[in-house]
Q: 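Please find one structure pasted underneath; my questions will follow.
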Amino acid sequence: MDYFIYKNGVLHAEGVAVPEIAASVGTPFYLYSTATFERHFTVFDEALNGLDHKIFFAMKANGNMAVLRLLAAMGAGMDVVSGGEYAKARAAGVAGDMIVFSGVGKTVDEMRQVLAGGIRQFNVESEPELRQLSRVATEMGKTAPVTLRVNPDVDARTHAKIATGKSENKFGIPMSKAREAYKKAARLPGIEVVGIDVHIGSQLTDLEPFRQAFTRVAALTGALRADGHTIRRLDLGGGLGIPYARSNEAPPLPMDYGQVIRETVGHLGCEIEIEPGRLIAGNAGILVSKVIYLKHGEGRDFLIIDAAMNDLIRPAMYDAHHDIVPVQEPPAGTALAPVDIVGPVCESGDTFSKQRPLPPLKSGDLVAFRSAGAYGAVMASEYNARPLIPEVLVKGDQFAVVRARPTYEDMISRDTLPAWMES
Ligand code: LLP
């Protein structure tokens, strides 16, 4: 559920009419709803009721400082995957012991930064990384709390580019090598093993892969404890999917996901850590864009809008579906006609949707892409020298720009000329 709803025939974000924001900020822009973020976080938290648990927002999904602040204020920790994300999380007021550090390629500099600043745990993905972390921690006179990310070889049944739990993927340590890796970890100086980590993919719309993965983690917990290791935390990653096409998708409810966790690992006496990104942020944001032209092509119509693949890459990259709705609600019974919705970038891949049934739209009309709060703004680029688009946050009847649109001058001045060209 979200707080982007039509009131008196006009799309609103909570108490603010979308056209009002568009007039003030200009299009295109991302628009987030505080109440929706809060609701999703609360629903997720309640789904894990009764379990000793902590939620670490996967901030790769949405790294806006205002969003981080609002989630941190609700008690969220952060799952970070780079020194940059760590710095942003700390700047948003998140304590080091509420940050977990994931990722397959942590550098020595990042290890130093995070050990110096404080960290709850490193989710380590390979033996070379483990040895490197041991060297860095020892050098600094520190002990690094560690889980090892295991690869459970489970088919997440999601888009190939966002599945991570099969042995062919680059992520984690194979289950068959896990006991050996833990044995090595236990012997390394500067390393303290605290648990197990697993993450099998993103936008999962079926609970079965989670059940399989968590069941394997439970078995591994038993085996590792028998080997003498202290396993007190289980980081179960993120990945729960959201409905992108509202008319025909019903991914599992957080409540049912929580139940799978209870049934598979609830009896182990471990602290449960979860790293949701999309479920918290996805439906808390929309992308608002304006129609530039309606072009009649050979046998099809193109709706050319001012947002493009550089602003929202998901359709081009994963063939992802986003519901696209007119900001002015069409009167009941309006006939829909198929259009291709495209951006101005000079690539055929800059197509948001083909033959999408929409009510009649004309130049100047506003449209909104739903479910754009996760992996939207964070994946944007300035391709075609299109400035990064603004982000706006609504709370009740107030709105604020939480990232301003750079000017052309800002973009130009980011590049510098070598001395030999100046004069
Ligand atoms: N934890 C780890 C270790 C991850 O790699 C990810 C996502 C998450 C948590 C959060 O997963 P979520 O709850 O958001 O599904 N750009 C793609 C999604 C990439 C996901 C990468 N890892 C997209 O737009 O669909």
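Whatever order the structure lists them in is the order used to number ligands and atoms, beginning at 1. Each residue takes its place number in the sequence, starting with 1.
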Q: Is any N or O atom of Ala58, backbone or side chain, closer than 3.5 Å to an N or O atom of ligand 1?
A: no

Q: Which residue owns the protein heavy atom closest to atom 20 (C) of ligand 1, what's the atom, and how far is it?
A: Tyr375 OH, 3.6 Å

Q: In the protein, which heavy atom is nearest to atom 8 (C) of ligand 1, and how far is it?
A: His199 CE1, 3.4 Å

Q: Identify whether the distance between the nearest side-chain nitrogen and carboxylate oxygen of Lys177 and Glu127 falls below 4.0 Å.
A: no

Q: What do we get for Arg149 next to ligand 1 when only non-hydrogen atoms under 4.0 Å count, side chain, backbone, both or neither?
A: side chain

Q: Under 3.5 Å between any N/O of Gly239 and any N/O of ligand 1: does that happen in this structure?
A: yes

Q: Give the contacting part of Ala61 toward ligand 1: side chain, backbone, both or neither, where contact means a heavy-atom distance below 4.0 Å.
A: neither

Q: Once you restrict to heavy atoms under 4.0 Å, what part of Lys161 touches ligand 1? Side chain, backbone, both or neither.
A: neither

Q: Which residue holds the protein heavy atom closest to atom 21 (C) of ligand 1, what is that atom called, and what is the gap in Å?
A: Lys60 CD, 3.8 Å

Q: In this structure, is the centre-to-centre distance between the rings of Tyr182 and His229 below 6.0 Å?
A: yes

Q: Do Phe210 and Tyr257 make the cut of ring centroids closer than 6.0 angstrom?
A: yes

Q: Which ligand 1 atoms are under 4.0 Å away from a heavy-atom of Pro276?
A: 13 (O)

Q: To the nearest 0.1 Å, how far is atom 17 (C) of ligand 1 from its closest protein heavy atom, and which atom is that?
A: Tyr318 OH, 3.1 Å

Q: For this output row, return yes or no: ring centroids of Tyr6 and His12 closer than 6.0 angstrom.
A: no

Q: Give me the nearest non-hydrogen protein atom to atom 3 (C) of ligand 1 as residue plus atom name, then the distance to 0.1 Å.
A: Glu275 OE1, 3.5 Å

Q: Near Ile162, which atoms of ligand 1 are under 4.0 Å from a heavy atom of that residue?
A: 17 (C), 18 (C), 19 (C), 25 (O)

Q: Take every heavy atom of Met379, measure it against each atom of ligand 1, and state whether any distance is under 4.0 Å.
A: yes

Q: So is Asp79 close enough to ligand 1, meaning a heavy atom under 4.0 angstrom away?
A: yes

Q: Can you tell which part of Arg314 has a heavy atom less than 4.0 Å from ligand 1: side chain, backbone, both or neither?
A: side chain

